[in-house]
There are 2 protein chains.
Amino acid sequence: MSPRTEAANQQIRKERQRNILDAALKLFAIKGLSATKISDIAVEANLSYGLIYHYFNTKDQIFTELVKEAMKISINVFKQGSKLPVGPLEKIKIITEKIIDDGYSGRGVYYFLLMIEAANSDIVPAEVKKFRERRKGIYHRLLTPIIIEGQRIGEIIEEEPVRLATAYFALIKGLALLYPRINLAKELPTAEIVLNLFKKKRD
Amino acid sequence: MSPRTEAANQQIRKERQRNILDAALKLFAIKGLSATKISDIAVEANLSYGLIYHYFNTKDQIFTELVKEAMKISINVFKQGSKLPVGPLEKIKIITEKIIDDGYSGRGVYYFLLMIEAANSDIVPAEVKKFRERRKGIYHRLLTPIIIEGQRIGEIIEEEPVRLATAYFALIKGLALLYPRINLAKELPTAEIVLNLFKKKRD
DNA sequence: GTCTATAAAAGGATAGAC
DNA sequence: GTCTATCCTTTTATAGAC
């Protein structure tokens with residue numbers, strides 16, 4: 001048997017890191033940072049306990065790494081949506097569908113749940129707090145202009161944009177929370193329902 | 001100094017229990033069950049570590065006790081609201097205001113955050129899981145009839161009641177989560193905004 | 001690169017003094 | 001009723017063998 005090449009080793013290292021991150025993501029999202037034990041991650045990833053520490057220094061480091069990934073992805077959903085050549089309501093609809101359909105399925109829902117923990121918890125690593133502070137308000141800054149434009153052209157209800165945005169984010173957060181426990185086929189709100197939050201009512 | 005009477009002792013015991021429960025409620029709500037240490041509770045309640053165990057057997061017992069309180073209160077908000085002699089939309093508005101204004105301020109917001117942990121986490125005590133199972137779907141059962149009545153009389157949008165209810169609960173849950181971190185005066189959605197979720201829209 | 005065994009630390013729970 | 005000191009389990013983190 002010939003020895004493994006360095007390239008092959010690098011490939012293995014990359015895979016293991018991803019294995020560990022995926023396992024940790026799922027567990028952090030469901031159980032939270034504190035309740036997730038390194039041993040849980042090892043079991044979930046089908047790796048030995050010790051190997052986790054071969055690839056990462058601490059549990060906090062894994063968590064921080066994942067938060068960075070999650071933020072990057074979710075911010076991108078909003079940025080991409082903002083650029084689309086469609087009306088404001090349609091932009092929000094597409095963003096919402098991306099979150100509900102793509103985002104919330106597969107790995108995506110875990111990213112969102114992780115974000116909730118990262119954004120709201122007091123017990124996250126210091127680096128996550130710094131990161132969170134730097135990006136403070138980014139989601140509002142991305143959504144509010146769309147809302148204001150929608151109000152300008154009469155598509156969106158005349159409520160304070162900031163409060164509207166907060167309601168929207170609350171709804172999305174709440175959906176991510178409920179997601180693992182509801183009957184998706186019967187109970188998951190459609191993007192249409194979510195969008196109704198923004199629409200003008202009949203007089 | 002005369003010895004304390006039994007009545008006075010009972011009074012003290014009652015107070016201490018409440019002290020401990022209030023401190024634990026706040027911490028469980030903010031940090032979660034796992035991340036809250038008994039020592040944290042002792043500090044928050046200004047009591048010695050050992051005294052916690054004089055009044056409660058385990059951390060789980062404290063958590064379970066609080067979940068029962070929280071469920072009772074939140075279910076009551078819906079039941080009281082349902083009885084009011086007003087229209088469906090107005091009922092939901094009053095319930096929502098009660099949650100946002102009363103409920104979410106003071107001790108109430110902590111109860112709601114605790115409920116989120118209790119309702120969604122996998123790591124809660126077995127007794128909480130049983131409790132949760134027994135009451136499964138109770139909130140839907142309380143809200144859905146109001147929605148259906150609202151649709152019958154044309155006040156509420158013609159979407160599937162279950163999905164509408166889920167969207168509403170998601171929004172409320174998300175608001176509770178955001179509550180501790182937003183500027184209430186500027187960012188908190190009004191009950192009017194929340195209600196807009198249910199209203200019929202222009203075509 | 002991967003694993004098992006061990007050390008070190010943290011936290012839950014108890015005992016006993018006041 | 002309240003506190004401090006101690007025990008013991010759990011979990012993090014490291015060491016060293018394969």
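Keep in mind that this is a model prediction, so the values were computed, not measured. Proteins come first, then strands; the chains are lettered A, B, ... in the order of their sequence lines, and each starts at number 1.
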> Once each nucleotide of nucleotides 13-18 of chain C is scored for protein heavy atoms under 4.0 Å, what B/S/- sequence comes out, 5' to 3'?
Replying inline: BB----
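In this structure, the helix from C:dG1-D:dC18 to C:dC18-D:dG1 shows an angle of 0° between the axis at its start and the axis at its end, each fitted on 5 base pairs and rounded to 10°.
Across residues 17-37 of chain B, B:Thr36, B:Lys37 each have a non-hydrogen atom less than 4.0 Å from an atom of DNA chain C (numbered order). Contacts with DNA chain D (heavy atom under 4.0 Å) in residues 121-131 of chain A: none are found.
A search for side-chain contact (heavy atoms from CB on, under 4.5 Å) contacts involving B:Asp22 returns B:Arg18, B:Arg107, not counting sequence neighbours. Shown here are the ring pair (Phe, Tyr, Trp, His ring centres under 6.0 Å) partners of A:Tyr53, two or more places apart in sequence or in another chain: A:Tyr49. Listed by chain and number, the residues in a side-chain contact (heavy atoms from CB on, under 4.5 Å) with B:Arg163 are A:Leu188, A:Thr190, A:Ile193, B:Glu160 (sequence neighbours excluded). Scanning for side-chain contact (heavy atoms from CB on, under 4.5 Å) contacts around B:Lys130 gives an empty result, with sequence neighbours left out. Annotation: salt bridge (charged side-chain N to carboxylate O under 4.0 Å, His left out) contacts of A:Lys93 (sequence neighbours excluded): A:Glu192. Here A:Ala165 pairs with A:His140, A:Leu143, A:Thr144, A:Ile147, A:Phe169 under the side-chain contact (heavy atoms from CB on, under 4.5 Å) rule; sequence neighbours left out.
Judged as a side chain to side chain donor-acceptor pair (under 3.5 Å), the pairs with a partner in residues 71-91 of chain B (not counting sequence neighbours) are, in order, B:Ser74-B:Tyr139. Sequence neighbours left out, the pairs with a member in residues 6-48 of chain B that pass ring pair (Phe, Tyr, Trp, His ring centres under 6.0 Å) are B:Phe28-B:Phe63.
Side-chain N/O atoms of A:His54 include none lying less than 4.0 angstrom from OP1 or OP2 on C:dT2. Using a 4.0 Å cut-off, no side-chain N or O of A:Arg16 falls inside it from OP1 or OP2 of C:dG1.
Shown are A:Lys26, A:Lys37, A:Lys31; of these, the salt bridge (Lys or Arg N to Asp or Glu O under 4.0 Å) with A:Glu44 is made only by A:Lys26.
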